[in-house]
Amino acid sequence: MRYLYWRFLVFGIFFTCVGNFSVSLSASEISPAEQSMAQGLRSFQRGDFEEAALSWTEASRLYDREGKPGQQSKALTHLSQAYQALGQYKETVNNLESALLLAEKSGDRTQMAFALGTLGNVYIATGPADTALRYLNEGLRIAKELGNSGLSAVILNNLGNLLTAQKKYTEAVAVYAESTSLAKVSSNPSLATRALINAAMASMHHGQHKEAKALFDTASEQIRRLEQSHDKASGLINIGLGYQGLRPHIAVAADSLLLLAHKTFTEADAVAEAIGDRRTAAYAWGHLGSLYEEERRYQEALELTRRATFAAQQVNAPESLFRWQWQAGRLLKKLGTIDEAIDSYRRAVRTLQSIRPELSVSYGAPQVSFRESVGPVYFELVDLLLQRATSLPDRDQASPYLVEARESVELFKAAELRDYFQDDCVDMALSKVTKLDVIAQTAVVVYPILLSDRTELLISLPTGLKRLSVPVGADAVTQEVRQFRRKLEKRTTREYLPHAQRLYDWLIRPLEPDLASFRIDTLVFVPDGPLRTIPMAALHDGKQFLVSKYALGITPGLNLMDPRPIKREEMKMLAVGVTEAVQGFPALPNVSAELQALRDLFGSTTLVDKEFLAPNLEKKLKDEHFSIVHVASHGEFGSDTEKTFLLTFDEKLTMNRLDQMIGVFKFRDDPLDLLTLSACDTAAGDDRAALGLAGIAIKAGARSALATLWNINDEASVELVIDFYRGLKDPSISRAIALQRAQLKMLNNPRYEHPGFWAPFLMINNWL
């Protein structure tokens, strides 16, 4: 979690070069608007961002009333930095866009560069990176044309932060050096020190540990000469984190680095206390606590962590509060007070749930996945809950802990999807929750939970929730999954088989006694991490594939489904596709036969090749009501939504655009029943891309999706899809069973028996 130090790097550095308001004049000598500006600066520099926002809002209002667009632009730009410090990025961008328009209206090019540089700064945090770069370069161009070295230094520092986020460390260090030089020329020692700290952090990320240590030492000397301020306190914390982060990499200096980190955090606390900055004091105490945790001085660490928690609560700083609650949970666990530890983890999760949109933002740091950054909070809680359940001899006593463990995983999965798609589609799905494991009595829901030392299987049986534990840790499962996926796509060999059997032994065989006790026809998996990248249908018991025994479904979470069965008598399909080679993608010659078969089967409306344009698709979806949308075209799922798209004839249809089109169904009485993507592809080993595939039905506002993990451009895929749709017309079977029967038909064809042909098809979300 140390990467979050980067939130400190931006704030407060603009004020010395643009809009510097004197606070030494008496109230009668400056206007009310200027007084509000100065008050905002004082509040900001003691870390009171909420108060700063109020003051700058008032200043903006007064300047507007006075008809001073240039001054109002400055007030709004400062206001945006307060909102950014609070993690309120939507308000940040809105204020900056208004500030830029006002600067252009007033003809103030300095203020234009200021606003552009600040907008670029925000987009470093929120993305996309190319937008950040465009704004930063434009702001820098104007600042250099004006000969404004101070503003150029600011924007260069932010440009360095963007390069660091992109892991272009050598370029970043060079840009920071230029920023440092210009900051000194413009007599801005605070910015010069900040750029130096950032250069040290970039060097550390780049593995240049000795160079980073030298830069931290220089920054440490320089920062002590600065006046007491929020900037100084947060800079000291960053230096302390740097020394702490270097300890594992410079073993001979580990003890001295520990002392330096301790000294620097203590100094940060003193500065923060002197200026009344409780927010930064919380960071100082919390990081001191982490140092003591490293040294296994758990009781002292806990006392410091509780001080940090109290300070963060005082100033309503949930972005730091959750980490101290989490740290306290770890310490309490190590001290053996498990129930107290569970309570602390619960509080951390509740805090995380309250700030989920902000957590998807990582300013200026090399990108860390949502799972890596906050997943441990959820899964460490789950681990403790499962251990607590195991310690209880009575099943009724253990049951609430098992249910809470599953619900904690559900909370994480919903938050992870929200982070991937960067919108509230998950919240809309959660508002329709009805437990599918309650509705479907012939299905068993399997929750594999990968922990460091074991794999836990939570299964929803007709008699209730049951826990099974397999002594195989996450690393071993991940390695096996990666091998299995690679071998599955080699359709000329059976090299996949040992991996298919090993995974079966770990994930399915422990369930067999319970499955045999009930009339179960469907297994629904809520796969986690790497398990999202493989088809469970292809697991093998030594005699037959899992699909030969059960229909299979997957869902990103039980709480993310609309659980109504499909209305078979009212099915109406829109089928679209590309057959020709377009935009650098190969032709899909079998799509013509696929779409013709769908016309014969459903009388479907079709858009093919030059007809399959985004505006045509959007018009069809708005004008008519379809229960099924079938897309037979290339689709790629990437690690983020920017790299995820479906191919129309003339463009790449992003997930956001698809959401806008198909999203009209969300507001109708009957949402889309099924979205089929018959030629999509996710990279082997890319767990986050597979997360996007798993969540596509939710994103599109559909009850379910049929999609492929990898592209099978073959007559076989056409046959399987058509057989699935024939089964779908039978009201006596579920969607999952319709897919199972289509897959078994292909499996029984000697030409297509290899799972590489039939296994990649997944029934996602509602399987009924």
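A salt bridge between Asp528 and Lys413 is present, with a side-chain N of the basic residue lying under 4.0 Å from a carboxylate O of the acidic one. The pair Arg454-Asp383 meets the salt-bridge criterion, since a charged nitrogen lies less than 4.0 angstrom from a carboxylate oxygen. The residues Asp48 and Arg278 are annotated as not salt-bridged, no charged nitrogen and carboxylate oxygen being separated by less than 4.0 angstrom. Salt-bridge annotation for Arg306 and Glu303: absent, with no side-chain N of the basic residue lying under 4.0 Å from a carboxylate O of the acidic one. The pair Arg247-Glu295 meets the salt-bridge criterion, with a side-chain N (NZ, NE, NH1 or NH2) lying under 4.0 Å from an Asp/Glu carboxylate O. With respect to Glu416 and Arg688, no salt bridge is recorded, no charged nitrogen being found less than 4.0 Å from a carboxylate O. Taking the charged nitrogens against the carboxylate oxygens, Glu50 and Arg279 do have a contact shorter than 4.0 Å, which makes a salt bridge.
Pairs of residues two or more places apart, or lying in two chains, never qualify as salt bridge (Lys or Arg N to Asp or Glu O under 4.0 Å) while including a residue from residues 282-291.
Inspection of the Ser290 and Gln327 side chains reveals no N or O donor paired with an N or O acceptor under 3.5 Å. A donor and an acceptor atom, one from each side chain of Arg347 and Gln325, are nowhere located under 3.5 Å apart. A side-chain donor from one of Asn765 and Thr555 sits under 3.5 Å from a side-chain acceptor of the other. In the model, Glu380 has a side-chain atom that pairs as donor or acceptor with a side-chain atom of Tyr345 under 3.5 Å.
Ring centers of His230 and Phe49: under 6.0 Å apart, within the cut-off.
Looking at Ser344, its side chain never comes within 3.5 Å of a backbone N or O of Glu340 through a donor-acceptor pair.
Checked against salt bridge (Lys or Arg N to Asp or Glu O under 4.0 Å), Arg46 has no partners two or more places apart in sequence or in another chain.
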